[in-house]
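Numbers restart at 1 for each chain; the letters A, B, ... are given by sequence-line order, proteins then strands. None of these values were measured; they are calculated from a predicted model.
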Amino acid sequence: MNSKVRVRFAPSPTGPLHIGGVRTALYNYLFAKKHGGDFLLRIEDTDSGRFVPGAEKYIIESLRWCGIVPNEGVGFGDGAHAPYRQSERKELYLDYALQLIDDGFAYYAFDTAEELDALRKEQESQGKAFTYNYQVRTSLSTSLKLSKEDVEERIARGEQWVIRFKMPENEQIRMQDLIRGEVVVNSSTLDDKVLYKSADQLPTYHLANIVDDFMMEITHVIRGEEWLPSLPLHVMLYRALDWEDNMPQFAHLPLLLKPDGKGKLSKRDGDRLGFPVFPLQWQDPKTEEISSGYRESGYFPEAFINMLAFLGWNPGTTQEIFSLDELAEAFSLDHVHKAGARFDFEKAKWYNHQYLVTRSDEDLAADFEKILAEKGISAEHNFVVKVVALVKERVNFVKEMWQQASFFFIAPKSYDADVIKKRWKDNAPALIAEAKDVLLNFDGFDAETIKHGLHDFITEKQANMGAVMNCLRLSLVGSSFGPDLPVIIEMLGKEEVAARIEKAVKTIGI
RNA sequence: GGUCCGUUCAUCUAAGGGUUAGGAUUCAAGAUUUUCAUUCUUGCCAUAGGGGUUCGAAUCCCCUACGGACUACCA
């Protein structure tokens, strides 16, 4: 193939993008980058009834946050194929639909929604499914049955009509999928899909999608597996429009499944199972219901993308940490898995941890300072940098640093009862008070000096190392966790340490 | 119901006729540590079932089971 690779992500603005959609966008982006091609964003807003205000903006913002930046498209600067919003291209589609009628590949249908409903019910009552196909199209109110004059008159009268594709009878449709190989379907099992409707003068997805992909010179269609059943129709449309030579190659991605078993991941799963399904937080404009997002949960976009890329794809090596550029370099549709992937929240957290620990202390401190500010705490920047360096290994998210490090900024308000029970023996207050005096008399106050000093003190008193250190920790931290104690003591400083020990001696056990 | 797609540890996956079926996450144990965590080591755990083809099958074919998607004048 000598034409430049061009792929697209074409969501419809009916709500927030969930992680499955983000992954589809990601794979398209990676594929384009890998092949030095273009990636574009097209908004498929042909369903006016399901339009959700804010959804388009949400999609654009999500892609931006992820670093999945299209070369052209809505919100990313127009290219040569503008506009990229189907509602702004609406006058394009009718001509093609009419052309299909002229060429005998489509026809007018005048059935009302009520009539169709009645037909469906009737068939259902006999245990059969109603299919609008070769068996019925010549006996219903269609241009295949009605006279030319009748059809023209109905249209002139303003009667509502749709244009349906005339799916041929008993033809083996062979299709090539880049991920699944050859797929064969008999056309008799397919129905005559609506391509265009007079009511809103808009095409349906199928027509608009094919016309736009053709006009935008799309070479590869990478989309979710839920579209596989409509592939035969799409292939037939390319043929009917005589565009088969320019038909893109197709790749249907495995679905993202619910973590607890049944079905594809849906918008409702997230907050039900305690993890986000959306990249960004979303508030439903109607119900005002808020759904959590990865960004707001504290994920780094790099970690989020890395995690998503590995749901259904692998590089063929054991490397698991990839930057976006590295992903683009390694990406190949050959390594896309065929089966659906169940989303694993634990792995998502692990990915974030990996990115967190490799992030610079400076950057982490800047992030953590925002959280401190929310708590009304201001601290010296260098101090925060040190704190962050000390606790980063122990957390998955920056915001978890607060639980791990709050004692660096505020004295413990209470002491862990379990630790008191286990460690705070009768002699503890006296011992700790003495340790405090020893600490205060050190010449230097660096961790090394403190460590040796405390060690000597413990040896001299013939005390138990664990007992002294843990009581000291309890006094300073309020519990039994945290980094190396001498380091904590150094960072807190003489005065603060003395004050905390005094308070502990007075308070604990009473 | 019909059409299509799929099925390797609990989870994400590797192995495209020849490996003790590998890695990662989770979980468990041990080591380290004043504590917690990290880290390190070890362990547990899989080819859905049945038939073929073959010297040899996770891999190719068939059947069954199970799972999923689609089945709108939605995308």
Side-chain angles (χ1 to χ4, degrees), chain A residues 10-14 44-47 49-50 109 111-113 116-117 120 124 127-132 160-164 175 177 179-180 183-186 188-191 193-200 202-206 208-209 223-232 252 254-255 257 259 261-264 307 310-320 334-335 337-351 353 357 391-395 404 419 422-423 451 454-455 458 464-474 477 479-486:
Chain A
S12 59
T14 53
E44 307 218 329
D45 53 350
T46 51
D47 184 4
R50 291 208 309 159
D111 321 274
T112 63
L116 291 175
D117 272 350
R120 273 194 195 95
E124 266 171 42
K128 286 183 244 167
F130 172 73
T131 312
Y132 207 118
Q160 297 294 347
W161 47 266
V162 299
I163 295 175
R164 282 182 185 269
M175 300 154 283
D177 182 276
I179 294 170
R180 282 151 224 286
V183 178
V184 184
V185 176
N186 188 297
S188 291
T189 64
L190 271 17
D191 61 343
K193 282 276 182 258
V194 172
L195 302 177
Y196 194 93
K197 42 214 191 311
S198 67
D200 54 10
L202 247 26
T204 61
Y205 167 84
H206 303 289
N209 192 265
R223 75 224 304 193
E225 192 187 342
E226 68 267 29
W227 293 109
L228 195 52
S230 19
L231 181 57
H252 289 88
L255 263 14
L257 273 18
K262 311 218 172 279
K264 69 172 172 177
M307 174 272 292
F310 271 70
L311 246 32
W313 170 86
N314 74 86
T317 66
T318 56
Q319 184 183 345
E320 290 198 279
D334 297 342
H335 278 99
H337 201 69
K338 285 190 180 74
R342 200 154 281 149
F343 177 74
D344 183 4
F345 192 46
E346 290 304 325
K347 194 82 183 244
K349 288 191 276 194
W350 176 81
Y351 267 110
H353 177 77
V357 295
V391 300
K392 66 197 251 189
E393 288 284 355
R394 345 164 65 90
V395 298
Q404 291 296 326
V419 181
K422 190 175 170 196
R423 304 285 192 184
K451 184 181 168 191
L454 280 176
H455 212 89
I458 289 162
N464 178 286
M465 180 80 170
V468 176
M469 294 300 255
N470 281 301
C471 287
L472 222 37
R473 178 179 293 277
L474 182 65
V477 174
S479 189
S480 68
F481 65 89
D484 190 47
L485 196 55

**Item:** Side-chain touch Thr112(A)/Gln160(A), heavy atoms, less than 4.5 angstrom
**Value:** no
Scan nucleotides 41-50 of chain B against the protein and return all N/O pairs shorter than 3.5 Å with their distances rounded to 0.1 Å.
none

Show me the protein contacts with nucleotides 69-72 of chain B, counting only N or O atoms at under 3.5 Å.
{"unit_1": "A69(B)", "atom_1": "OP1", "unit_2": "Lys264(A)", "atom_2": "N", "d": "3.2"}
{"unit_1": "C70(B)", "atom_1": "OP1", "unit_2": "Lys264(A)", "atom_2": "NZ", "d": "3.3"}

**Asked** Got a sec, which residues hit salt bridge (charged side-chain N to carboxylate O under 4.0 Å, His left out) with Glu346(A), two or more places apart in sequence or on another chain?
**Response** Lys349(A)
**Asked** When all nucleic acid strands are considered with a 4.0 Å heavy-atom cut-off, which category describes Val184(A): base, sugar-phosphate, or nothing?
**Response** sugar-phosphate
**Fill in**
Hits for salt bridge (charged side-chain N to carboxylate O under 4.0 Å, His left out) against Lys264(A), two or more places apart or cross-chain, chain-then-number order -> none
**Request:** May I ask you to test the His337(A)-Asn314(A) pair for a side-chain heavy-atom distance under 4.5 Å?
**Result:** no
**Prompt:** Looking for any heavy atom pair under 4.0 Å, which part of the strands does Gly49(A) touch: base, sugar-phosphate only, or nothing?
**Reply:** nothing
**Prompt:** At under 4.0 Å, does any side-chain N or O of His335(A) touch on OP1 or OP2 of U13(B)?
**Reply:** no
**Asked** Is a salt bridge present between Asp344(A) and Arg342(A), judged by a nitrogen-to-oxygen distance below 4.0 Å?
**Response** no
**Asked** Can you name the residues that form a ring pair (Phe, Tyr, Trp, His ring centres under 6.0 Å) with Phe343(A), not counting sequence neighbours?
**Response** Phe275(A)
**Request:** Could you check which nucleotide pairs with C70(B) in any of the strands shown, counting Watson-Crick or G-U wobble with both distances under 3.5 Å?
**Result:** G2(B)
**Side-chain touch Arg180(A)/Leu228(A), heavy atoms, less than 4.5 angstrom** = yes
**Asked** Would you say U11(B) has OP1 or OP2 under 4.0 Å from some side-chain N or O of Arg342(A)?
**Response** yes
**Message:** What's Leu116(A) touching, base or sugar-phosphate or nothing? Going by heavy atoms closer than 4.0 Å.
**Reply:** base
**Message:** Restricting to side-chain contact (heavy atoms from CB on, under 4.5 Å), what partner residues turn up for Pro486(A), sequence neighbours left out?
**Reply:** Ala447(A), Ile450(A), Lys451(A), Met469(A), Asp484(A)
**Asked** Which residues satisfy the side-chain contact (heavy atoms from CB on, under 4.5 Å) test with Ala341(A), sequence neighbours excluded?
**Response** Leu256(A), Leu311(A)
**Prompt:** Quick one: does Met175(A)'s side chain get under 4.5 Å of Pro232(A)'s, heavy atoms only?
**Reply:** yes
**Request:** For Leu311(A) and for Val395(A), locate the closest nucleotide of RNA chain B by heavy-atom distance; then report the residue assigned to the nucleotide nearer the 5' terminus.
**Result:** Leu311(A)
**Out of U8(B), U3(B), C5(B), whichever nucleotide has its closest atom nearest the side chain of Val185(A)** = U3(B)
**Request:** Give Thr14(A) one of three labels, base, sugar-phosphate or nothing, depending on what nucleic acid heavy atoms sit under 4.0 Å from its own.
**Result:** nothing
**Message:** Classify Lys338(A) by what it touches in the nucleic acid, base, sugar-phosphate, or nothing, heavy-atom distance under 4.0 Å.
**Reply:** sugar-phosphate
**Asked** Is U53(B) paired to anything, Watson-Crick or G-U wobble with both distances less than 3.5 Å, and if yes, which nucleotide?
**Response** none
**Asked** With a 4.0 Å cut-off on heavy atoms, is Tyr205(A) in touch with a base, just the backbone sugar-phosphate, or nothing at all?
**Response** base
**Fill in**
By side-chain contact (heavy atoms from CB on, under 4.5 Å), Thr318(A) pairs with (sequence neighbours left out) none
**Message:** My understanding is that only residues two or more places apart in sequence, or in another chain, count here; which of them pass side-chain hydrogen bond (donor to acceptor under 3.5 Å, both in side chains) with Arg223(A)?
**Reply:** Tyr205(A), His234(A), His252(A)
**Request:** Answer with base, sugar-phosphate or nothing: what part of the nucleic acid does Asp111(A) contact at a heavy-atom distance below 4.0 Å?
**Result:** base
**Pairing partner (Watson-Crick or G-U wobble, both distances under 3.5 angstrom) of A28(B)** = U42(B)
**Asked** Just checking Ser479(A): base, sugar-phosphate only, or nothing, at a heavy-atom cut-off of under 4.0 Å?
**Response** nothing
**Request:** Assign Val162(A) to base, sugar-phosphate, or nothing according to its heavy-atom contacts below 4.0 angstrom with the strands shown.
**Result:** base
**Prompt:** For every nucleotide of nucleotides 28-34 of chain B, 5' to 3': is a protein heavy atom under 4.0 Å from its base (B), only from its sugar-phosphate (S), or from neither (-)?
**Reply:** ------B
Listed pairs, N/O of protein and of nucleotides 60-63 of chain B, under 3.5 Å:
none

**Request:** Evaluate the side-chain proximity of Val185(A) to Leu190(A): yes if any heavy-atom separation is below 4.5 Å, no if none is.
**Result:** yes
**Prompt:** A28(B) and A10(B): how far apart are their C1' atoms, nearest whole angstrom?
**Reply:** 14 Å
**Request:** Identify, between Asn314(A) and Thr189(A), the residue whose nearest nucleotide on RNA chain B lies closer to the 5' end.
**Result:** Thr189(A)
**Message:** Can you list everything that forms a side-chain contact (heavy atoms from CB on, under 4.5 Å) with Val194(A)? Sequence neighbours excluded, please.
**Reply:** Val162(A), Arg164(A), Thr204(A)
**Asked** Is the shortest heavy-atom distance from the side chain of Ser230(A) to the side chain of His206(A) under 4.5 Å?
**Response** yes
**Request:** Report yes if at least one side-chain N or O of Thr46(A) is closer than 4.0 Å to OP1 or OP2 of A75(B); otherwise report no.
**Result:** yes
**Message:** So Ala341(A), base contact, sugar-phosphate only, or nothing? Heavy-atom distance under 4.0 Å.
**Reply:** sugar-phosphate
